[in-house]
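Single-structure report; data block below.
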Amino acid sequence: MPELPEVETLCRQLNTVLQGQEILRIDIMDPRLGSVERKRGGSGKVIPGTFTRKVAELIGQRVAAVTRRGKYIQLQMNGGMTVELHLRMSGRLLYLAADKPLSPSIVPYCRLTIGLSAGILLLIDPRRFATFAVQPDKIAPVLPDDPLEGLPARRLLEIARTRRMPVKSFLMDQRLVAGIGNIYACEILFAAGIDPRRPACNLTTVEWRKVSKAAKAILCRAVACRGTTVSDWRDLFGCIGTNQNHLEVYSRQAEPCRRCGGSIQRITLGGRGTWFCPICQK
DNA sequence: TATAATGTTAGACT
DNA sequence: AAGTCTAACATTAT
């Protein structure tokens, strides 16, 4: 569910609320959260009990800072460990201050709770794709370019030079560009006037410049709006975002393009729904 | 009942 | 070998 702007929203809110708090307890309601980490995390050998031990080591540590890498949320602990969360399709985080009456056990789809000195952090995830990992050390900083840090046209041109994949798939490839998902890929390409099916290697410098500008504008506004709530996205405090009011193409099949009046088309690219205006996007 | 949903990735192709 | 495509993951909503 969450893309870069939603994860960035959560990180900013987590920072205001979590910094300096001590972890008092961790309850994992969904055993999948542990097993997935063991299967995919680390390289190679699986030592039984390692995950449980690492989780236990977090108790008593304090949150130093909350950072983001693409769509990953990282709680940097003062002891040097890092908790890394990925919300995937349907994950949400909810923070309840200790003086709020709501009990976590009555929150539907609550898969994990982290009890802190002044409140409780809940991971809510109906589809159970979210992941929770504990790293012994600080995680290496960002690998791919992060559009919020600036995604220069010449860099895009360089990465795309050998890629024949559709430009939309290119923008959504987390190994190449960090944080862009389905909603914002569609919106960015509409703003840039580029057909999502175009092979990435065929875009000109001028076109990449448009993509770069559009990415920054679209994502910054979405962060300012605290994300896009088209179905179930909520921020850390349960509030909806407002960026859905700015969507030009996503989920607007057969509706009129606000720029030219033509009909928005829906196609499938890389297995994902893709909306665009065939008149405005070439 | 069949399809699609804001994500990622292992494995199969090319 | 590297790039690309597909199915799978689990669950709900339309």
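Here the structure is a predicted model, which is why all the values come from computation and not from measurement. Every chain is numbered from 1, with letters handed out A, B, ... down the list of sequences.
Following rounding to the nearest Å, A/H86 (NE2) and B/dT8 (P) show an atom-to-atom distance of 4 Å. For A/I73 and B/dG7, the CD1 to P distance is 13 Å, given to the nearest whole Å. Going from atom NZ of A/K168 over to atom C1' of C/dC5 covers 14 Å, rounded to whole Å. In this structure, CG of A/D30 is placed 12 Å from C1' of C/dT11, rounded to the nearest angstrom. For the pair A/R163 CZ and C/dA2 C1', the interatomic distance rounds to 9 Å; values are reported in whole Å. Spacing between atom CD1 of A/I267 and atom P of B/dA4 amounts to 14 Å, rounded to whole angstrom units. Separating the CG atom of A/D232 from the P atom of B/dG7 is a distance of 12 Å, rounded to the nearest angstrom. Nucleotide B/dA5 holds its P atom 16 Å from the OH atom of A/Y184, rounded to whole Å.
Among C/dT11, C/dC5, B/dT8, the nucleotide with an atom closest to any side-chain atom of A/R127 is C/dT11. Out of B/dG7, C/dC9, C/dT4, the shortest distance to the side chain of A/R164 is found at C/dT4. Among the nucleotides B/dG7, C/dT4, C/dA10, the one closest to any side-chain atom of A/R32 is C/dA10. With distances taken from any side-chain atom of A/W275 to the nucleotides B/dG7, B/dA5, C/dT4, the minimum falls on B/dA5. Taking the side chain of A/M89 as heavy atoms from C-beta on, and the options B/dT9, C/dC5, B/dG7, the nearest nucleotide is B/dG7.
Across A/Q244 and A/V230, no two heavy atoms sit closer than the pair CB-CG1, 4.3 Å. In terms of heavy atoms, A/D125 sits closest to A/S90 at OD1-OG, 2.6 Å.
Side-chain nitrogen and oxygen atoms of A/R128 include at least one within less than 4.0 Å of the OP1 or OP2 phosphate oxygen of C/dT11. Here A/R272 reaches the OP1 or OP2 of B/dG7: one of its side-chain N or O atoms lies under 4.0 Å away. Contact between the side-chain N/O atoms of A/R88 and the OP1/OP2 oxygens of C/dT11 is not found at any separation under 4.0 Å.
The side chain to side chain donor-acceptor pair (under 3.5 Å) pairs that include a residue from residues 185-200 of chain A are A/D195-A/R197, A/R198-A/E207, where partners are two or more places apart or lie in different chains.
Contacts of A/G181 with the nucleic acid, taken as non-hydrogen atoms under 4.0 Å apart, involve only primed sugar atoms and P, OP1 or OP2. If you check every strand for non-hydrogen atoms under 4.0 Å, A/S90 touches nothing. Using a 4.0 Å heavy-atom criterion, one finds that A/G273 contacts the sugar-phosphate atoms exclusively. In this structure, A/P2 reaches the bases: a heavy-atom distance under 4.0 Å links it to at least one base atom across the strands shown. Counting any heavy atom pair closer than 4.0 Å across all strands shown, A/R266 reaches sugar-phosphate atoms only and no base atom. When heavy atoms are screened at a 4.0 angstrom cut-off, A/Y109 is found touching the sugar-phosphate backbone but no base atom.
Using a distance-only test at 3.5 Å, with no hydrogens or angles considered, no donor-acceptor pair links the side chain of A/E255 to the main chain of A/I264.
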Secondary structure string for DNA chain C (Watson-Crick or G-U under 3.5 angstrom, | for other-strand pairs): .||||||||.||||
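A side chain to side chain contact (heavy atoms under 4.5 Å, CB included) with A/W208 is found for exactly one of A/V167, A/L151, A/I159, namely A/V167. Test A/R12, A/R92, A/R226 against A/D235 for salt bridge (Lys or Arg N to Asp or Glu O under 4.0 Å) and you get one pass: A/R226.
Between C/dA1 and B/dT9, the distance separating the two P atoms is 23 Å to the nearest Å. Annotation: C/dA10 and B/dG11 have their P atoms spaced 16 Å apart (nearest Å).
Between A/Y95 and A/F237, the ring-plane angle classifies as perpendicular under the 30° and 60° cut-offs.
Judged by centroid separation below 5.5 Å and plane tilt below 30°, A/F129 does not stack onto the base of B/dT8.
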Verdict with supporting geometry, A/E6 and A/Y184, side chain to side chain donor-acceptor pair (under 3.5 Å): CA-CA 11 Å; A/E6 289 76 24; A/Y184 298 109; 2.6 Å; yes
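In this model, a donor atom of one side chain and an acceptor atom of the other lie less than 3.5 Å apart for A/T67 and A/Q74.
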